[in-house]
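Read the structure below first, then the notes.
Please read all numbers here as calculations on a predicted model, not as lab measurements.
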There are 2 protein chains.
Amino acid sequence: MSKVAKVAKVAKPARARATPAPKPKAAPRARRPAGRRDTFHHGDLRRALVGAALDLVAEGQGETFTLREAARRVGVNHRAVYHHFADKRSLLAAAVIEGWRGQLDEIRAELAKQPADQPTHERLLAIGRAYVRYALARPAHYRAMFGARLNADGRFTDLEAVLAEATSLVATEIKRGVERGELPAGTDVLQATMTLWASVHGVSDLLIEGRIQARPGRALTYAERLLRAVVVGLTAG
Amino acid sequence: MSKVAKVAKVAKPARARATPAPKPKAAPRARRPAGRRDTFHHGDLRRALVGAALDLVAEGQGETFTLREAARRVGVNHRAVYHHFADKRSLLAAAVIEGWRGQLDEIRAELAKQPADQPTHERLLAIGRAYVRYALARPAHYRAMFGARLNADGRFTDLEAVLAEATSLVATEIKRGVERGELPAGTDVLQATMTLWASVHGVSDLLIEGRIQARPGRALTYAERLLRAVVVGLTAG
DNA sequence: ACCTGAACACCGTTCAAGT
DNA sequence: ACCTGAACACCGTTCAAGT
């Protein structure tokens with residue numbers, strides 16, 4: 001007990017966030033939390049670490065969460081992390097990939113709810129709404145999804161894969177719009193896709209950073225207005 | 001010499017960037033660089049530290065540059081920083097404020113170059129172009145300008161002041177557009193301003209992160225297309 | 001195969017002087 | 001008034017075992 005008490009007493013240095021953060025930390029770090037197995041069989045520790053990283057990111061630490069704390073949360077020595085991830089960036093990347101996957105799932109679910117034969121601009125708005133809603137629901141996570149330049153080196157091909165999937169989902173809608181005559185015949189599909197992405201990302205980021213000050217319930221309305229302007233712009237060619 | 005040699009020999013830990021970065025570091029840290037005064041008179045050290053922070057940020061460290069290295073660059077003990085800045089965030093904030101001021105200056109310069117009686121949508125495009133050009137010219141700095149949630153606590157009122165100035169510059173143009181009948185009478189000025197900001201920020205960020213892959217010379221064209229779509233959307237109401 | 005312990009070279013920040 | 005030195009509680013990562 002002495003070790004834990006000492007740690008708790010000391011004033012937290014700057015690296016810690018101002019937000020209290022529930023910190024379960026039910027057991028002293030030397031002993032393993034009750035009810036948790038003594039060794040993880042393959043895959044479980046990896047998953048547990050990603051889960052801990054996701055929690056830490058979401059609690060507001062963003063990409064600055066520490067590898068050592070993630071290990072502490074699941075009750076293993078920090079060195080154990082290196083058996084599953086090459087370095088901290090890889091652990092972050094795994095958490096970030098989960099984020100993109102979740103967002104893609106929500107977009108798909110939203111599209112599935114649209115009535116059949118919905119005009120393209122309504123479908124694009126639905127996609128955008130789902131995107132922004134997801135981002136606003138997990139601000140710290142969303143920022144991590146963009147930060148840390150995880151694509152700078154060629155590593156993390158899984159990350160690129162989810163993003164490619166999301167991109168092609170939008171591209172498909174745009175192609176459909178052109179085919180149905182709802183978007184100009186000469187539309188550059190890739191460019192239109194990126195224009196939409198830039199728009200939803202821009203509003204999301206400004207809202208998250210508090211640069212656009214919108215009352216909680218109005219944030220999505222804000223995003224929707226921007227989206228409408230962009231879609232109208234695309235439609236006008 | 002022994003100290004410096006030892007430091008140089010050791011493998012750089014993860015915190016350091018992969019990019020080589022020119023690192024002048026002309027003198028061993030204990031001795032002051034030749035030709036630099038032994039003590040700074042008031043204001044100079046502050047300015048020198050902000051300069052060093054700006055350089056470190058621009059060299060790719062972003063907001064993860066270290067206070068200790070900034071101090072080393074100007075040849076003072078890292079503790080000296082605390083005489084001019086409350087903490088690392090304050091030093092970062094000072095660097096970030098310089099960034100926004102620079103961007104605002106470039107936007108003003110660009111507007112000054114516009115022919116008199118230019119239609120509003122052309123003026124808005126000029127503003128947007130200058131904004132994106134600035135962001136793309138200093139990617140790491142631009143990301144730092146948005147990162148770190150420097151506005152989260154109420155500190156750094158100077159930062160809020162520059163941003164308010166930039167916002168009102170755009171708002172003025174939009175009002176002018178409404179008055180001249182170039183934008184719909186019912187236009188929500190604040191909302192239109194934020195819509196434009198979100199657009200230019202969105203493209204800038206995606207371009208910087210390499211999510212939009214544009215050949216170097218084409219990046220601005222990309223941004224311009226998005227901007228045009230948004231302006232058209234705003235004009236259509 | 002999977003995990004741990006000790007060590008290393010860093011951090012940001014505080015306390016207590018030095019000139 | 002302005003700067004320094006030593007110390008503290010952290011980091012991420014490496015080396016070398018332990019079971």
Rounded to the nearest angstrom, tell me the gap between atom [atom1] in [X] and atom [atom2] in [N].
| X | N | atom1 | atom2 | value |
| --- | --- | --- | --- | --- |
| Leu91(B) | dT13(C) | CG | C1' | 14 Å |
| Asn77(B) | dC2(D) | CG | P | 16 Å |
| Tyr82(A) | dC8(C) | OH | P | 17 Å |
| Leu49(A) | dC3(C) | CG | C1' | 12 Å |
| Arg79(B) | dA1(D) | CZ | P | 16 Å |
| Gln61(A) | dC10(D) | CD | C1' | 13 Å |
| His83(A) | dA17(D) | NE2 | C1' | 14 Å |
| Asp87(B) | dG12(C) | CG | P | 11 Å |

Any donor-acceptor N/O pair, Glu224(B) side chain to Arg129(B) backbone, under 3.5 Å
no
Just by modelled atom types, is the Phe65(A) backbone N or O under 3.5 Å from a matching donor or acceptor in the Lys88(A) side chain?
yes
Consider the side chain of Leu67(B), meaning its heavy atoms from C-beta on, and name the nucleotide among dG12(C), dT13(D), dT4(D) that approaches it most closely.
dG12(C)
Please report the distance separating the C1' of dC2(D) from the corresponding atom of dA16(C), rounded so that it comes out in whole Å.
15 Å
Is any side-chain N or O of His78(B) under 3.5 Å from a base N or O of dT13(C), one able to act as donor and the other as acceptor?
yes
Do the charged groups of [X] and [Y] touch, with an N to O distance under 4.0 Å?
| X | Y | answer |
| --- | --- | --- |
| Arg73(A) | Glu59(A) | yes |
| Glu160(B) | Arg211(A) | yes |
| Glu63(B) | Arg143(A) | no |

Any strand: nucleotide that pairs with dA1(D) via Watson-Crick or wobble, under 3.5 Å:
dT19(C)
Paired with dT14(C) by Watson-Crick or G-U wobble geometry, both distances under 3.5 Å: which nucleotide is it?
dA6(D)
On DNA chain C, does the nearest nucleotide to Ala80(A) precede the nearest nucleotide to Arg68(A) from the 5' side, or the other way round? Give the residue.
Ala80(A)
